S.K.: 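Questions regarding the structure given below will be posed in turn.
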Amino acid sequence: MNDETQILQCWLGEIILAPGNLDQKLESVRARYQVHEQQVVVGSRGIPAYSRLHVYTSGYVARLKECLSADFPILKKFLGDEVFDRFVSATLMFSPSRSYSLYDLGLNFLRFLENTRPRRTDMSPEQQVLLELPLAIARVERARQEVQRAPGTEKIPLPLISAADLMFQDAGLKLVLPASVKVFQLNFTLKDMLVKLQNDQPFELPAAQTSYMAVVRADYRLYLHELEAWQFHFLTATEHHVNFYEAARDTAAKVQRPSGELLADLWIWLSIAVAQRLLIVQGL
Amino acid sequence: MSNIPNTPRLGLPNLGLGVGLRSKHYQHLLREPLQVDWFEIISENYIDDYGFSRHVLDHVRAQVPVVMHGVSLSIGSTDPLNLDYLAKLKQLADEIEPAWISDHLCWTGVLGANTHDLLPMPLTVKSLKHVTERVGQVQDMLKRPLVLENPSTYIEFRNNEMAEWEFLSQLAITTGCGLLLDVNNVFVSAHNHGFDAEQYISHLPHHHIVQIHLAGPTDYGDLLVDTHDQPVPHQVWQLYQLAHRLTGGVSTLLEWDARIPDYPDLVAEVFKARLVWNGNMPATPVKASSQPPVAHPLNVLAATVYE
Ligand SMILES: [Fe+2]
């Protein structure tokens, strides 16, 4: 291995990644390497090493902040720039990028929010909602990116089916949840607030109540759909049971409803769900 | 592998004038004629993405050549090569069949960390040997010549044993790799370190230059920074004219990654290259700024809104 090159790379890498402002970074790296930056870097044209290194250190933080701001725009509006930036800086400090892809940095950010969220039990439902909201928004925004990049349904022709096809065909008919759909169970209703935040409209904090939502891409556009409990469980069930009746039976048990009643609801909803690209039908 | 070609551009085609494919222009490109001869993509923005970006890329690729330009190869790092990344790069290349694949003479991180910046190499005999070996490995894996770009730099190491042009020249001649000459980066680095930009360009092995980058930097007082957010200034066009003459004409691409103009204005900027071929220099000055510098802004894919 190339010792001298490796030491220089570790030295510059540490200056860029170390916490604090440039003075603090340089102080810790000087102590660790027993060398002053002027002994490492040429100060040609009278420009000191300090100003030169500053281009790299300020650029690092600014660039990754810009990247996460683009990945989590609604969360940034909800938290405000200052709080959002603090979470970003903390993520970069405790969970810096180790991937070639900046797409993965969004996951580091989400994991950081998950691992540091307050876990208290002595709070009112309203306070609980307020504490859970940032993470819920972040999860939906991450799902948006996953859905945006997933192999989608755009190249699959929309089948001309009637609900009767779905209900009365034999076991040959299969339902598949596309990778371009993500479903959520939440402790509050979120869609209204997300849309208002996105459009910079005034919003109210949602009330504590179980709700269900899907993020879906259809024809390269993104949609948020609020779901009923049985719709959520049915979509989730199609991840495990491709057969329509098995998924329906599973759902009936989950939502504790008579299967006949659920089948009647599914009968109406399925062709809509297929048209909304929430489900792919195979074997027609 | 020693490969001293005597054909221009390593035998690769002169694609003409191109621009970077950026999400801001996706809707325009789906509706309107492309106008330019070719596009360059940031490879990492399309790896593992099968959504709208890929749809637009396929639309563009069906009409004109595309070059894959990466920022994560980290060819100069003392960490092992990232084989996972190389496999993804190869897969994308198999799918879209680029005219060539390029990255930078730089390293992006060490000990597993990634700064997502293009960091300067120590320019020593030992590091040259290190990069030479790795270029060979990458070329074997990708089964094509790698094309490497000179980065903008803000520091030079005291232990450097050669100039950057010397390092790149030896690397190209030894490995047979191509060079992506970024004349804006030469202008920026020459200013920052006080070397002669024209001499740098004159000394490169011109048969290895397969592509030229144009861009506009920002003047932050002492240092020029490669911001990719400005029109191409007069000095960069001058270096372009020199490179154009020395190479006999190679694929030329305008980079613009922040404060991106509307598509017709972007195209008008790269078409100024035709004026330069005929000796007419645009008089654009270098833009000055007092804001904190941000080098190499990444082209972050714009967030899509919910319908
Ligand atoms: Fe460039």
Side-chain angles (χ1 to χ4, degrees), chain A residues 1-6 8-10 12-13 16-17 39-42 44-47 49 51-56 58-60 62-64 66-67 69-71 73 96-103 105 141 144 147-152 154 180 194-195 198-199 215 217 220-224, chain B residues 44 47-55 72-74 76-78 82 84-85 88 107-117 119-122 124 126-127 129-130 154-160 191-194 220 222-223 225 292-298 300-307:
Chain A
M1 189 40 80
N2 204 323
D3 289 343
E4 194 184 37
T5 304
Q6 191 180 34
L8 283 171
Q9 291 186 344
C10 290
L12 182 55
I16 294 170
L17 296 169
Q39 295 168 267
V40 182
V41 167
V42 182
S44 48
R45 289 190 48 242
I47 306 165
S51 321
R52 295 171 176 280
L53 291 168
H54 185 61
V55 178
Y56 291 105
S58 64
Y60 169 69
R63 238 174 301 114
L64 299 191
E66 192 187 340
C67 168
S69 300
D71 283 357
S97 173
R98 300 184 70 81
S99 166
Y100 62 82
S101 172
L102 275 170
Y103 172 63
L105 187 65
E141 294 208 273
R144 170 179 58 75
V147 160
Q148 231 169 342
R149 295 163 55 102
E154 285 84 2
S180 50
L194 289 178
V195 171
Q198 174 184 275
N199 300 330
V215 178
R217 190 179 94 216
Y220 298 117
R221 289 164 196 272
L222 288 169
Y223 298 90
L224 281 179
Chain B
E44 289 76 5
I47 284 175
D48 280 337
D49 189 332
Y50 297 94
F52 189 54
S53 292
R54 182 55 181 272
H55 173 62
S72 300
L73 181 60
S74 203
S77 176
T78 48
N82 185 334
D84 180 34
Y85 170 71
K88 299 276 189 191
W107 55 287
T108 60
V110 69
L111 304 182
N114 194 340
T115 68
H116 298 280
D117 200 350
L119 302 172
M121 281 305 291
T124 63
K126 267 188 166 176
S127 72
K129 182 167 172 283
H130 175 66
Y154 311 99
I155 62 172
E156 282 180 317
F157 294 104
R158 282 201 187 274
N159 77 332
N160 282 359
H191 174 89
N192 292 343
H193 309 305
Y220 286 96
D222 291 340
L223 294 164
V225 176
V294 180
H296 315 291
L298 299 155
V300 188
L301 294 178
T304 311
V305 296
Y306 298 109
E307 305 280 333

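Owing to the predicted nature of the structure, the values given are computational and were not obtained by experimental measurement. Just so it is clear: chains get the letters A, B, ... in the order the sequence lines come, proteins before strands, and each one is counted from 1.
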S.K.: Between chain A and each of B:I47, B:N160, B:L73, count heavy-atom pairs under 4.5 Å; write down the option with the most.
M.R.: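 Of B:I47, B:N160, B:L73, B:I47 has the most heavy-atom pairs under 4.5 Å with chain A.
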S.K.: What part of B:N82 gets closer than 4.5 Å to chain A, counting heavy atoms only: side chain, backbone, both or neither?
M.R.: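 Answer is side chain: those atoms of B:N82 sit under 4.5 Å from chain A.
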S.K.: In terms of heavy-atom proximity below 4.5 Å to chain B, should A:P151 be classed as side chain, backbone, both, or neither?
M.R.: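 Contact with chain B is through both the backbone and side chain of A:P151.
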S.K.: Using a 4.5 angstrom heavy-atom cutoff, name the option from B:V110, B:I155, B:D222 with the most pairs to chain A.
M.R.: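 It is B:I155.
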S.K.: So do the side chains of A:R144 and A:R217 get within less than 4.5 Å of each other, counting heavy atoms only?
M.R.: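 No - every pair of side-chain heavy atoms lies 4.5 Å or more apart.
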S.K.: Could you verify whether a donor N or O on one side chain and an acceptor N or O on the other, from B:Y85 and B:E44, lie under 3.5 Å apart?
M.R.: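 Present: a donor and an acceptor within the cut-off.
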S.K.: Which region of A:S180, side chain (C-beta onward) or backbone (N, CA, C, O), has a non-hydrogen atom less than 4.5 Å from a non-hydrogen atom of chain B, or is it both or neither?
M.R.: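 Contact with chain B involves no heavy atom of A:S180 at all.
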S.K.: So which of B:S74, B:G112, B:G194 has the largest heavy-atom pair count under 4.5 angstrom toward chain A?
M.R.: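 Top option by heavy-atom pairs under 4.5 Å: B:G112.
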S.K.: Tell me whether A:R45 contacts the main-chain N or O of B:H191 through its side chain, where contact means a donor paired with an acceptor under 3.5 Å.
M.R.: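 Checked: pair present.
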S.K.: Please classify the contact of A:Q39 with chain B as side chain, backbone, both or neither, using a heavy-atom distance under 4.5 Å.
M.R.: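 The backbone, not the side chain.
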S.K.: Drop me the distance from A:I16's CD1 to A:Y60's OH, to the nearest 0.5 angstrom.
M.R.: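 Reported to 0.5 Å precision, the distance equals 8.5 Å.
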S.K.: If you count heavy-atom pairs under 4.5 Å with chain A, which of B:G109, B:G76, B:S77 comes out on top?
M.R.: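 If we count pairs closer than 4.5 Å to chain A, B:S77 comes out on top.
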S.K.: Specify which of A:G152, A:A150, A:G13, A:S101 makes the most heavy-atom pairs with chain B at under 4.5 Å.
M.R.: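 That would be A:A150.
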S.K.: Do A:L53 and A:L12 have side-chain heavy atoms sitting under 4.5 Å apart?
M.R.: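 Yes, close enough: below the 4.5 Å cut-off.
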S.K.: Heavy-atom pairs under 4.5 Å with chain B are the metric here; pick the option from A:P96, A:G46, A:S99 that has the most.
M.R.: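 Maximum pair count with chain B is reached by A:S99.
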S.K.: Examine whether an atom of B:T108 lies under 4.5 Å from a heavy atom of chain A, and if so say whether it belongs to the side chain, the backbone or both; otherwise answer neither.
M.R.: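 Neither part; nothing is under 4.5 Å.
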S.K.: Do A:Y56 and B:D117 have side chains that approach each other closer than 4.5 Å (heavy atoms only, starting at C-beta)?
M.R.: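 Of all side-chain heavy-atom pairs linking B:D117 with A:Y56, at least one is under 4.5 Å.
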S.K.: Distance alone, cut at 3.5 Å: any donor-acceptor contact between the side chains of A:T5 and B:H130?
M.R.: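 Judged by distance alone, the side chains do not pair up.
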S.K.: Among residues at least two apart in sequence or on other chains, which ones pass side chain to side chain contact (heavy atoms under 4.5 Å, CB included) with A:V42?
M.R.: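 With neighbours one apart ignored, the set is A:S44, B:E156, B:R158.
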